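For reference, the structure is listed below as structure tokens.
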Amino acid sequence: MKFYVCIKQVPDVNAPLQIKDGQLIQDADRNILNAYDASAVEEALVLAEKHSGEVEVVLAGPEKAKETLRKALAMGADKGTHIVTNGDEDFDSYAYAKILSKFFSDKEYDFISCGKQSQDTDAGLTGSMLAEMLNLPYATNAVGLEFSDGKMTVKRQGDSGQEMIEVPAPGLVTCSNDMNDPRIPSLKGIMQSKRKPVDTIALNDLGAEISSDDVQTKVLGFEEKPEREPGKKYEGEPDEIARQVAQLLDSEENVI
Amino acid sequence: MSTLLTVISVNDGKIKRSSLEVLSRCNELASNNGMKSAALVIDSKASEIAEQLKNYGPDEIYTIENPIFKNHLNTPVLKALSTAVSQINPKVVAFPSTESSKDVLGALAANQQTAALSDMSEFDLTDNGVKGKRPVMASKIISSVEASGSPVIISVRSGSYDVVEKESNANIEAIDFNFSDEELQITLKEIISSSSDRVDLSEAEVVVAAGRGVKDEEGRNLISELASVLNAGIGASRALTEAGDYDPSLQIGQTGKVVSPQLYIGVAISGAIQHVAGMANSKVIVAINKDPDAPIFDIADYGLVGDLYKILPPFIEELKKIKQN
Ligand SMILES: Cc1cc2nc3c(=O)[nH]c(=O)nc-3n(C[C@H](O)[C@H](O)[C@H](O)COP(=O)(O)OP(=O)(O)OC[C@H]3O[C@@H](n4cnc5c(N)ncnc54)[C@H](O)[C@@H]3O)c2cc1C
């Protein structure tokens with residue numbers, strides 16, 4: 001079986017953040033593989049091992065994002081494609097979905113998977129946009145995957161329970177990070193990744209020029225979230241502080 | 001006249017509060033801008049739901065009723081949505097941010113070749129679209145965003161707006177919709193677990209959330225007892241949903257649900273940003289944690305430092321007393 005996993009390089013949300021003149025300032029060296037994508041890679045590797053398949057990772061992003069592609073190869077993906085974008089800071093989910101749909105238009109595969117959202121924007125749109133553009137059946141928010149007889153059984157987290165959905169190949173799934181712990185590349189994996197094939201495609205050569213019409217959403221700026229004032233800490237006899245706080249919730253806050 | 005269309009989310013025959021929040025905001029924007037506010041119900045019992053909606057002030061109610069909508073499946077929902085959008089031709093399509101809407105938002109935008117903004121905490125109209133705010137970077141930062149397009153498709157976080165009741169004698173119009181099984185690209189095999197018999201978390205006024213320190217049956221019993229005294233929804237951190245101690249649909253956070261209760265009580269939760277992303281908008285935050293330096297104390301209004309097994313029993317007892325009086 002052939003698996004494609006779409007991955008993205010994102011700034012580490014745990015790194016210190018600063019806002020200056022409405023712009024987000026971040027340590028440029030702390031870019032990582034989107035955690036949800038890492039889960040998608042992990043899951044694809046497990047399935048490929050079981051069904052003697054192949055995993056190829058695809059990343060659209062600037063030159064610098066290549067290191068993230070290497071990370072996925074070091075985890076065990078067989079091959080990578082880097083669609084090199086320049087100055088894509090303004091690209092939105094729609095633009096990325098369009099680029100990817102162009103890439104996939106002449107490919108053959110059983111399944112495409114991607115993270116259910118990216119950790120930085122939390123938009124969660126690209127996966128289902130891509131499925132619609134490619135006219136593929138899809139399932140989002142997967143927390144478990146099984147493959148057999150050309151079908152993927154997806155356990156997805158719905159509003160009030162887990163839904164078992166069957167998606168026929170070729171199809172698309174988006175993955176949550178609640179289903180596995182992505183493997184950490186071994187030294188051997190890292191060494192091997194350097195010899196693995198990586199196709200580099202310039203956006204123009206892909207024929208996926210992104211015009212201003214394709215970028216329909218704009219980020220105008222950033223602001224700090226108003227900080228919550230830390231309240232009061234109650235230390236001491238459990239009995240005493242428990243009763244005290246319970247009473248305050250009633251008398252002061254009126255929430256009981 | 002331009003229309004603002006709110007897609008109503010229904011769970012077990014009940015309208016989700018989060019969709020009434022979005023509808024209330026659209027009513028307000030419509031009346032301020034000389035537009036029409038319409039509600040759309042896609043459900044196996046859509047006409048019954050439509051009647052209830054008359055208490056919340058839409059100018060127009062559209063229904064798409066079909067047994068296929070008994071369970072959520074994206075293929076028919078998407079077809080229903082695109083049928084409705086083509087017919088109504090709204091300026092904005094607004095969803096409450098639920099798992100079901102997250103499942104189709106992007107696909108609908110691609111289908112209509114238009115812009116989408118998900119999980120907004122605030123929105124307003126512009127001349128040719130929508131502007132507003134959405135939390136990013138695990139909700140540590142707020143970004144200002146804007147989209148132009150026709151329509152602009154958005155989803156709105158629960159708790160962002162108040163529900164305003166308003167009588168209306170809106171016309172209810174059923175939209176023609178056919179769906180044959182051959183069109184069904186994906187199939188539903190089974191719904192494994194359901195927490196629908198419990199208080200719906202994203203709608204709850206009080207939330208009791210359990211973290212990794214709740215490590216045995218005794219701890220889980222204390223959580224249930226606390227929740228039942230307060231008539232609260234039970235939530236959990238990922239540490240516990242992953243361990244299988246709590247249903248995954250109860251996870252609160254960046255990956256899980258966004259809650260915005262009047263009172264949130266976090267028991268043995270450290271306060272990792274991915275968890276906080278889902279609960280920071282709670283009105284009053286109480287944290288119980290034995291580590292005085294746990295990050296959750298930085299955002300808690302009431303921080304109880306100590307062992308949950310020692311604090312919860314007298315806390316529950318006191319709450320019972322207060323409730324009785
Ligand atoms: C991409 C991504 C998405 C994520 N999404 C989510 C999400 O949506 N929701 C989520 O919750 N997490 C999410 N996480 C995980 C998150 O980072 C944390 O790992 C998780 O929230 C920790 O859960 P916890 O606070 O219960 O456990 P811990 O961090 O282990 O904290 C347990 C706390 O309990 C206290 N404690 C222990 N025993 C007791 C006792 N007897 N009495 C009192 N206190 C006690 C300890 O002092 C400690 O502070 C995500 C992570 C990633 C990378």
Side-chain angles (χ1 to χ4, degrees), chain A residues 13 17 24 93-94 97 119-129 131-133 137 139-141 143 153 157-167 176-178 216-225 228 230-235 238-239 241-243 245-248 250 253 255-256, chain B residues 11 72 98-100 102-107 109-111 115-119 136-138 140-149 185-196 242 248-249 254-255 262-263 273 284 297-306 310-311 314-315 318-319 322:
Chain A
V13 292
L17 295 170
L24 196 54
S93 311
Y94 197 91
Q119 264 174 293
D120 53 349
T121 68
D122 283 331
L125 296 166
T126 307
S128 68
M129 280 178 168
E132 178 69 16
M133 288 176 186
T140 60
N141 203 6
V143 293
T153 304
Q157 186 58 52
D159 281 309
S160 56
Q162 291 185 329
E163 300 154 2
M164 293 290 248
I165 307 265
E166 217 169 67
V167 185
S176 177
N177 68 333
D178 296 337
Q216 298 152 313
T217 65
K218 268 198 230 103
V219 176
L220 305 173
F222 297 90
E223 62 193 87
E224 307 269 358
K225 196 167 171 173
R228 271 189 99 101
K232 195 169 163 199
K233 255 192 244 177
Y234 296 80
E235 295 180 74
D239 260 33
I241 59 174
R243 284 174 211 284
V245 169
Q247 278 162 13
L248 287 170
D250 182 38
E253 306 288 352
V255 288
I256 300 303
Chain B
N11 198 11
H72 171 84
T98 62
E99 291 307 337
S100 311
K102 282 179 195 167
D103 190 36
V104 295
L105 207 63
N111 178 281
L117 291 168
S118 57
D119 224 14
V136 294
M137 307 298 291
K140 276 161 92 180
I141 301 275
I142 306 292
S143 72
S144 297
V145 289
E146 189 179 81
S148 48
Q185 291 180 287
I186 59 171
T187 37
L188 178 69
K189 289 283 155 203
E190 188 188 353
I191 296 182
I192 303 172
S193 54
S194 168
S195 51
S196 50
E242 219 177 30
S249 63
Q254 186 183 24
T255 317
Q262 295 293 304
L263 173 63
I273 55 164
V284 176
F297 287 132
D298 297 340
I299 60 159
D301 302 290
Y302 297 87
L304 289 148
V305 183
K310 299 211 173 95
I311 290 182
F315 189 58
E318 190 67 25
L319 289 171
I322 294 170

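The figures here come from the full heavy-atom set of this structure, side chains too, leaving out hydrogens, waters and symmetry mates. Numbers restart at 1 for each chain; the letters A, B, ... are given by sequence-line order, proteins then strands. This is a predicted model, so every value here is computed, not measured.
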What's the verdict on side chain to side chain contact (heavy atoms under 4.5 Å, CB included) for B/E146 and A/T217, showing C-alpha distance, side-chain angles and the deciding distance? CA-CA 6 Å; B/E146 189 179 81; A/T217 65; over 6 Å; no
For side chain to side chain contact (heavy atoms under 4.5 Å, CB included), just list the numbers for A/Q157 and B/S249, CA-CA rounded to whole Å, side-chain angles, deciding distance to a tenth of an Å, and then say yes or no. CA-CA 7 Å; A/Q157 186 58 52; B/S249 63; 3.0 Å; yes
After noting the C-alpha distance and the side-chain angles of B/I311 and A/I241, does the key distance pass the side chain to side chain contact (heavy atoms under 4.5 Å, CB included) rule? CA-CA 8 Å; B/I311 290 182; A/I241 59 174; 4.0 Å; yes
What's the verdict on side chain to side chain contact (heavy atoms under 4.5 Å, CB included) for A/E253 and B/Y302, showing C-alpha distance, side-chain angles and the deciding distance? CA-CA 11 Å; A/E253 306 288 352; B/Y302 297 87; 2.7 Å; yes
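Interface residue A/D250: only side-chain heavy atoms are found under 4.5 Å from chain B. Both the backbone and the side chain of B/L304 come within contact range of chain A, with heavy atoms under 4.5 Å apart. Looking at B/Q262, both its backbone and its side chain come within 4.5 Å of chain A, counting heavy atoms on both sides. With a threshold of 4.5 angstrom between heavy atoms, B/A109 approaches chain A through its backbone and through its side chain. Heavy atoms closer than 4.5 Å to chain B are found in the side chain of A/S176, but not in its backbone. Looking at B/N111, both its backbone and its side chain come within 4.5 Å of chain A, counting heavy atoms on both sides. With a 4.5 angstrom heavy-atom cutoff, B/I142 touches chain A via backbone and side-chain atoms both.
When A/V167, A/I256, A/V143, A/T126 are compared by the number of non-hydrogen pairs under 4.5 Å with chain B, A/I256 comes out ahead. Counting heavy-atom pairs closer than 4.5 Å to chain A, the top residue among B/L117, B/L263, B/D119 is B/L263. For chain A, the option among B/G149, B/G306, B/A300 with the highest count of heavy-atom pairs below 4.5 Å is B/A300. Per-residue counts of heavy-atom pairs under 4.5 Å with chain B were compared for A/G127, A/G124, A/A139, A/G221; the largest is that of A/G221. Of the residues considered (A/E235, A/K232, A/E223), A/E223 shows the highest number of contacts with chain B, using heavy-atom pairs under 4.5 Å. Heavy-atom pairs under 4.5 Å with chain B peak, among A/M133, A/Q119, A/K225, at A/K225. Most heavy-atom pairs under 4.5 Å with chain B: of the set A/P238, A/S93, A/S128, A/A97, this distinction falls to A/S128. For chain B, the option among A/T153, A/L220, A/L248, A/D239 with the highest count of heavy-atom pairs below 4.5 Å is A/L220. In terms of heavy-atom pairs under 4.5 angstrom with chain A, the leader among B/I273, B/V305, B/L188, B/V136 is B/V305.
Counting heavy atoms from C-beta outward, B/K140 and A/L17 have side chains that approach closer than 4.5 Å. Side-chain contact between A/T140 and B/K102 is absent, with no heavy atoms from C-beta onward closer than 4.5 Å. Between A/V245 and B/F315 the shortest side-chain heavy-atom distance falls below 4.5 Å. Taking the side chain as every heavy atom from C-beta outward, B/I192 and A/M164 approach each other to under 4.5 Å. Using a 4.5 Å heavy-atom threshold, the side chains of A/L125 and B/L105 count as touching.
Atom NZ of A/K218 and atom OG of B/S148 lie 6.0 Å apart (nearest 0.5 Å). In this structure, CD in B/E190 is found 11.5 Å from CD1 in A/I165, a value given to the nearest 0.5 Å. With rounding to the nearest 0.5 Å, the separation of OG1 in B/T187 from CD in A/E166 is 4.5 Å. The distance from atom CD of A/E163 to atom NZ of B/K189, rounded to the nearest 0.5 Å, is 14.5 Å. Note that the OG1 atom of B/T255 and the CG atom of A/D178 stand 5.5 Å from one another [nearest 0.5 Å].
B/T98 and A/D159 make their closest contact through CB-OD1, 3.5 Å (heavy atoms, listed as atom of the first residue, atom of the second, distance). Closest heavy-atom contact between B/G106 and A/M129: O-CG, 3.1 Å. Closest heavy-atom contact between B/S118 and A/A123: OG-O, 2.8 Å. Listed here is the closest heavy atom pair of B/I186 and A/P137: CG2-CB, 3.9 Å. Among all heavy-atom pairs drawn from B/E99 and A/N141, the shortest one is OE1-ND2, 3.0 Å. A/L24 and B/I141 get closest at one heavy-atom pair: CD1-CD1, 3.8 Å.
B/K310 NZ: 12 or fewer foreign heavy atoms inside a 6.0 Å radius.
Scanning for side-chain hydrogen bond (donor to acceptor under 3.5 Å, both in side chains) contacts around A/Y94 gives an empty result, with sequence neighbours left out.
Using a 3.5 Å distance cut-off with no hydrogens or angles, the side chains of B/E318 and A/Q247 do pair a donor with an acceptor.
The pair A/R228-B/D301 meets the salt-bridge criterion, with a side-chain N (NZ, NE, NH1 or NH2) lying under 4.0 Å from an Asp/Glu carboxylate O.
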